[in-house]
There are 2 protein chains.
Amino acid sequence: MAHSESTQAAPNNPRLSPEDGRLRRGRRSRALILKAARELFEERGFDEATLRAIAERAGMGASSIYRHFQSKEELLIADLDELQEEAWRRFREGDDRKAPTRKRVTRFLDAQHQLLAEDSDLTLIALRATTRPGVRVAQQVLALNDRTIGLLMEIMQMGRMQSQLKRNVDVLEAARVVFNITQGARIPWANGLTDAETCRQAIQKGVDLLFGGLDKSG
Amino acid sequence: MAHSESTQAAPNNPRLSPEDGRLRRGRRSRALILKAARELFEERGFDEATLRAIAERAGMGASSIYRHFQSKEELLIADLDELQEEAWRRFREGDDRKAPTRKRVTRFLDAQHQLLAEDSDLTLIALRATTRPGVRVAQQVLALNDRTIGLLMEIMQMGRMQSQLKRNVDVLEAARVVFNITQGARIPWANGLTDAETCRQAIQKGVDLLFGGLDKSG
DNA sequence: CCATTAACGCGAACAGGATCGCGTATTCAA
DNA sequence: TTGAATACGCGATCCTGTTCGCGTTAATGG
């Protein structure tokens, strides 16, 4: 009585062994759902992929999906999570911590862009998700974004300590600006108004402007 | 035969006088719908305001709304349009064309913020709308955004000609960055994670960073 | 007058995301 | 063995944005 924290989905009973038969079946179902969802998102796009179709391909009823996910969008951000990890991994391998800060930032953004460019849907839905306050998926995406911002901040913090950047810059705010530049640049792309390369260049230009500044140096 | 351009909504028969009784009734209905929609958005928020409730308050059936608007979101961007006009108006009156560019930009952004701060829903839905490619409302919002970017560009172009800004800055790209800073800063606010003043300051800080640059000047 | 043509309005129906209540399977404790 | 607890699965149902087909109203032209 009186413990209905989350609406449902995602069991969290500490007394249950991870090898519990119920949980194992659950994990398998979850995997099947994700697989089906990814395939259908790829084939038809997010909005055209019906939950009922996903469920059918996963071999279950539509309502069962809600045992494992709280919303359709969560099926996507599961991917987003992995994709970000991958972007960071690619960035870190081959990263030169002594390279110019601007270069390091660009390298990270390129790695991220390369991955996102393969799936404009993901970008779009992630953005859309943040426009639904109260829904859990919004907070999940915002948390992911914060992690990205954190990484950018880390890079710039290092640059500031090496006196590559002005001493008084607020690295957190700077990281946010960089992030917002990327987000903004992706909207026209995800809407089919520009291609991936143009999007990449827009990000590049924006970052260059930020680093160089607009004011005539005096 | 074969002329179904728009799905429907918005008559455009040049042979009809604007004083045509049908059109007049239509305009009245449109106004009633907008009034009801604004009230309900205000009272319950966008997502909680049902089309059926809006229609009821407007004194008609829900489906009739689609004679005048193509989607629920269009009920909002009608406001967005006016709000932007108002922001520009407020900015222009009392604008000093010889003031420092950074100051002028800030003034405009403050004027805009002051209006948007009254209605976080509007901000959120406008953003959400741009994540729905193909739907007309997306293009409408993108067009409005472009107009804002255009105004910012205008301001900065003037600053560049007065040698306040570096000669080689891409003012269009700079304007986009400024715009993206504002958009990004509003997301946490619209999600209830920060208050309006924090949002304003974030925009302020971001713009300052952009103008000043991150690189240690050399 | 009457036929034609639009713009309007409406109730019914559709579609798809999400919820509910109930039944099943698995585990553990007594 | 039995009973409680818990994770799962499912069909029915709800909710709401949107579409459809039909009837109504107002102007136009012969």
Side-chain angles (χ1 to χ4, degrees), chain A residues 1 3-4 6-33 37 40 44 46-56 58-76 125 128 132 135-137, chain B residues 1 3-4 6-30 32-33 37 40 44 46-56 58-76 125 128-129 132 135-137:
Chain A
M1 47 323 217
H3 78 114
S4 59
S6 61
T7 314
Q8 63 178 180
N12 63 336
N13 195 325
R15 281 176 304 176
L16 253 54
S17 153
E19 287 312 314
D20 185 298
R22 289 164 291 186
L23 296 186
R24 212 152 47 185
R25 182 169 61 134
R27 282 199 301 274
R28 181 168 174 279
S29 291
R30 188 189 153 93
L32 285 175
I33 294 168
L40 279 167
R44 311 183 189 173
F46 183 82
D47 289 328
E48 283 67 38
T50 300
L51 271 177
R52 289 169 174 85
I54 295 171
E56 186 183 11
M60 63 182 66
S63 59
S64 299
I65 291 179
Y66 286 84
R67 287 280 177 212
H68 306 279
F69 301 90
Q70 285 198 352
S71 72
K72 183 185 179 185
E73 284 165 349
E74 279 195 3
L75 296 174
L76 249 192
I125 303 305
R128 189 191 297 177
R132 307 188 49 187
V135 183
R136 193 173 73 167
V137 71
Chain B
M1 46 326 216
H3 79 113
S4 58
S6 62
T7 313
Q8 60 179 182
N12 62 336
N13 195 326
R15 282 177 304 177
L16 252 55
S17 154
E19 288 311 316
D20 185 298
R22 289 164 291 186
L23 296 186
R24 213 154 44 186
R25 182 169 60 135
R27 281 199 302 273
R28 181 167 174 281
S29 292
R30 187 189 154 95
L32 285 174
I33 293 168
L40 280 166
R44 312 184 188 173
F46 183 82
D47 289 327
E48 283 66 39
T50 299
L51 272 176
R52 288 170 174 82
I54 295 171
E56 185 183 12
M60 63 182 68
S63 59
S64 299
I65 291 180
Y66 286 83
R67 286 283 177 210
H68 306 278
F69 301 90
Q70 286 197 350
S71 73
K72 184 183 179 185
E73 284 166 348
E74 279 194 4
L75 295 174
L76 250 192
I125 304 304
R128 188 192 296 177
R132 306 187 51 188
V135 183
R136 192 172 76 167
V137 71

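Protein chains get the first letters and strands the later ones, always in sequence-line order, with residue 1 at the start of each.
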Find the distance [X]:[atom1] to [N]:[atom2] and express it as a whole number of Å.
X        : N       : atom1 : atom2 : value
Leu51(A) : dC10(D) : CG    : C1'   : 15 Å
Arg27(A) : dT26(C) : CZ    : C1'   : 14 Å
Leu76(B) : dG17(D) : CG    : C1'   : 15 Å
Glu48(A) : dA15(C) : CD    : P     : 15 Å
Met60(A) : dA18(C) : CE    : C1'   : 17 Å
Phe46(A) : dG16(C) : CZ    : P     : 13 Å
His68(B) : dT18(D) : NE2   : P     : 16 Å
Arg52(B) : dG11(C) : CZ    : C1'   : 11 Å

Nearest listed nucleotide, side chain of [X], among [options]:
X        : options                   : result
Arg25(B) : dT25(D), dT18(D), dG21(D) : dT25(D)
Ser29(A) : dA18(C), dG9(D), dG9(C)   : dG9(D)
Lys72(B) : dG17(D), dC8(D), dG17(C)  : dG17(D)
Ser63(A) : dG11(D), dG17(C), dT18(D) : dG11(D)
Tyr66(B) : dC10(D), dA25(C), dT18(D) : dT18(D)

Fill in: Step-by-step side-chain contact (heavy atoms from CB on, under 4.5 Å) determination, Arg128(A) to Glu73(A)
CA-CA 9 Å; Arg128(A) 189 191 297 177; Glu73(A) 284 165 349; 4.2 Å; yes
To check you understand the geometry: which heavy-atom pair defines the closest contact between [X] and [Y], and what is its length?
X        : Y        : answer
His68(B) : Ser29(B) : NE2-CB, 3.7 Å
Arg52(B) : Ala62(B) : CG-CB, 3.9 Å
Ile54(B) : Ile33(B) : CG2-O, 4.0 Å

Worksheet entry | OP1 or OP2 of dC10(C) under 4.0 Å from side-chain N/O of Ser64(B) |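 So the side chain of Ser64(B) is within the cut-off, an N or O lying under 4.0 Å from OP1 or OP2 of dC10(C).
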Worksheet item: How would you label the contact of Ala49(B) with the nucleic acid (heavy atoms, under 4.0 Å): base, sugar-phosphate, or nothing?
Response: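 Sugar-phosphate contact only.
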Discussion item. For a quick check of understanding: with a heavy-atom distance under 4.0 Å over all strands, which category does Thr50(A) fall into, base, sugar-phosphate or nothing?
Written reply: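 Since only primed, P, OP1 and OP2 atoms lie under 4.0 Å of Thr50(A), the category is sugar-phosphate.
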Discussion item. Need to verify one output field. Residue with the more 5' nearest nucleotide on DNA chain D, Asp47(B) or Ala62(A)?
Written reply: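 Result: Ala62(A).
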Practice prompt. Tell me whether the guanidinium CZ or amine NZ of Lys72(B) lies under 6.0 angstrom from the six-membered ring centre of Phe46(B) and within 45° of its axis.
Written response: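 Positive - Lys72(B) is close enough to the ring of Phe46(B) and near enough to its axis.
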